[in-house]
Amino acid sequence: MNSTEKSLLFTAEDIARQVQRLASRISQDYQGGEVVVVGVLKGAFIFLADLVRLLTIPTKLDFVRLSSYGASTESSGKIRIVADIEINIQGQDVLIVEDIVDSGLTTAFLREHLLTKKPRSLKICTLLDKMERRRIEIPLEYVGLHLAKGFVVGYGLDRNEAHRQLPDIYELLL
Ligand code: PRP
């Protein structure tokens with residue numbers, strides 16, 4: 001891929017500012033308690049790693065591996081749990097951490113799934129909120145950056161598993 005095929009959307013500095021802002025808000029909101037952070041693999045791994053290192057509250061970490069897109073740029077709408085969380089979240093304050101909410105189907109599915117495990121509270125934190133293709137209404141308590149449209153890569157986000165390692169976020173010119 002050469003540089004004419006993607007355009008810079010958010011720099012590492014833009015992202016870091018938002019991650020710090022979110023971490024401060026989350027730390028404030030959960031002050032006096034403990035939060036179980038559930039990262040959604042693979043896309044959220046970099047955002048989650050940066051976010052949790054800035055939290056000032058006791059935190060437990062777990063992950064789910066979901067899959068819907070495969071090698072496509074459109075959500076199939078069929079979400080699969082590839083690997084579930086291991087921590088018992090019953091009665092716990094749980095925070096889902098996503099890299100992007102696009103159609104919303106993945107996060108809505110995960111939310112319903114985690115609610116069956118009876119957490120005390122369940123909130124959602126996403127770095128990117130992309131409204132263009134939203135197919136289901138979903139409460140997003142913590143949003144880093146809003147995005148009108150476009151297929152984005154970098155900072156954990158991929159296309160066909162490529163570009164996840166980029167420190168900045170780019171729009172892919174498909
Ligand atoms: C991406 C992203 C979100 C989901 C958002 O995951 O990480 O989990 O899509 O899309 P939606 O709102 O339209 O459901 P993907 O299935 O591409 O897997 P990945 O995280 O391993 O890249």
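Only this structure's heavy atoms are used, side chains among them; waters, hydrogens and symmetry mates stay out.
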Would Glu171 and Lys149 count as a salt bridge (Lys or Arg N to Asp or Glu O under 4.0 Å) if you check the C-alpha gap in whole Å, the side-chain angles of each, and the deciding distance to 0.1 Å? CA-CA 9 Å; Glu171 179 177 356; Lys149 57 187 173 65; 5.4 Å; no
List the steps, then state whether side-chain contact (heavy atoms from CB on, under 4.5 Å) holds for Tyr30 with Asp93. CA-CA 8 Å; Tyr30 289 89; Asp93 292 313; 3.8 Å; yes
Could you please spell out the steps behind the side chain to side chain donor-acceptor pair (under 3.5 Å) verdict for Gln18 and Arg21? CA-CA 5 Å; Gln18 296 309 320; Arg21 181 179 64 80; 2.7 Å; yes
Would you sort out whether Val143 and Val101 count as a side-chain contact (heavy atoms from CB on, under 4.5 Å), showing the intermediate values? CA-CA 10 Å; Val143 174; Val101 176; over 6 Å; no
List the steps and the verdict of side-chain contact (heavy atoms from CB on, under 4.5 Å) for Gln92 and Arg120. CA-CA 5 Å; Gln92 305 285 307; Arg120 186 166 77 152; 5.9 Å; no
Where do Gln31 and Ser27 land on the side chain to side chain donor-acceptor pair (under 3.5 Å) test, with the steps shown first? CA-CA 6 Å; Gln31 209 170 22; Ser27 299; over 6 Å; no
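Each of Ile89 and Leu41 belongs to its own hydrophobic cluster when Ile, Leu, Val, Met, Phe, Trp and Tyr are linked at side-chain heavy-atom distances under 4.5 angstrom. Side-chain heavy atoms closer than 4.5 Å link hydrophobic residues (I, L, V, M, F, W, Y) into clusters, and following such links, possibly through other members, connects Leu127 to Ile46. Ile15 is connected to Leu128 through a chain of hydrophobic side-chain contacts under 4.5 Å among Ile, Leu, Val, Met, Phe, Trp and Tyr, so both are in one cluster. Hydrophobic clustering (ILVMFWY, side-chain heavy atoms < 4.5 Å, transitive): Ile81 and Ile87 are in one cluster. Residues Val94 and Val97 are members of separate hydrophobic clusters, defined by side-chain heavy-atom contacts under 4.5 angstrom among Ile, Leu, Val, Met, Phe, Trp and Tyr.
Contact of the Phe45 side chain with the Arg164 side chain is registered, since non-hydrogen atoms from C-beta on lie closer than 4.5 Å. You'll find the side chain of Leu22 reaches within 4.5 Å of the side chain of Phe47, heavy atoms only. Here the side chains of Phe63 and Leu48 are in contact, with some heavy-atom distance below 4.5 Å. No side-chain heavy atom of Asp99 sits under 4.5 Å from any side-chain heavy atom of Thr126. Within the 4.5 Å cutoff, the side chain of Leu95 has no heavy atoms near those of the Ile124 side chain. Taking the side chain as every heavy atom from C-beta outward, Asp29 and Tyr142 approach each other to under 4.5 Å. Between Val153 and Arg159 there is a side-chain heavy-atom pair separated by less than 4.5 Å. Proximity of Ile96 to Leu110: side-chain heavy atoms (C-beta onward) are separated by under 4.5 Å at one or more points.
The local environment of CZ in Arg134 is crowded, with over 12 non-hydrogen atoms from other residues, nucleotides or ligands closer than 6.0 Å. Counting non-hydrogen atoms of other residues, nucleotides and ligands closer than 6.0 Å to CD of Glu132 gives a total above 12. Heavy-atom neighbours of Glu137 CD from other residues, nucleotides or ligands within 6.0 Å: at or below the threshold of 12.
Shortest non-hydrogen contact noted between Pro119 and Leu122 is CG-CB, 4.2 Å. Closest approach of Glu161 to Lys42, counting heavy atoms only: OE1-NZ, 3.1 Å. The shortest heavy-atom contact between Thr106 and Glu98 is CG2-OE2, 3.7 Å. The two residues Gly33 and Pro58 come nearest to each other via the heavy atoms O-CD, 3.3 Å.
With rounding to the nearest 0.5 Å, the separation of OG in Ser121 from CD in Glu141 is 9.0 Å. A distance of 9.5 Å separates CD1 in Ile136 from CZ in Arg111, rounded to the nearest 0.5 Å. Annotation: the span from Asp102 atom CG to Arg135 atom CZ amounts to 10.0 Å, rounded to 0.5 Å. Taking CD1 of Ile85 as the start and CG of Leu114 as the end, the distance is 5.0 Å to the nearest 0.5 Å. Summarising the geometry, atom CG belonging to Leu172 is positioned 10.0 Å from atom CG belonging to Asp158; distances are rounded to the nearest 0.5 Å. Expressed to the nearest 0.5 Å, how far CG of Leu66 lies from OG1 of Thr107 amounts to 8.5 Å.
Proximity of a side-chain donor or acceptor of Thr116 to a complementary backbone N or O of His113 within less than 3.5 Å is detected. With hydrogens and angles ignored, the 3.5 Å screen pairs a side-chain donor or acceptor of Asp62 with a backbone N or O of Glu86. A donor-acceptor pair under 3.5 Å is formed between the side chain of Lys130 and the backbone N or O of Gly150. The main-chain N or O of Ala162 is never found under 3.5 Å from a side-chain atom of Asn160 such that the two would form a donor-acceptor pair.
Side chain to side chain, Gln28 and Arg25 fail the donor-acceptor criterion of an N or O pair below 3.5 Å.
Between Lys117 and Asp84 there is a salt bridge, with a side-chain nitrogen of the basic residue lying less than 4.0 Å from a carboxylate oxygen of the acidic one.
In this structure Thr11 satisfies the side chain to side chain contact (heavy atoms under 4.5 Å, CB included) test together with Leu8, Glu13, Asp14, Asp168, sequence neighbours excluded.
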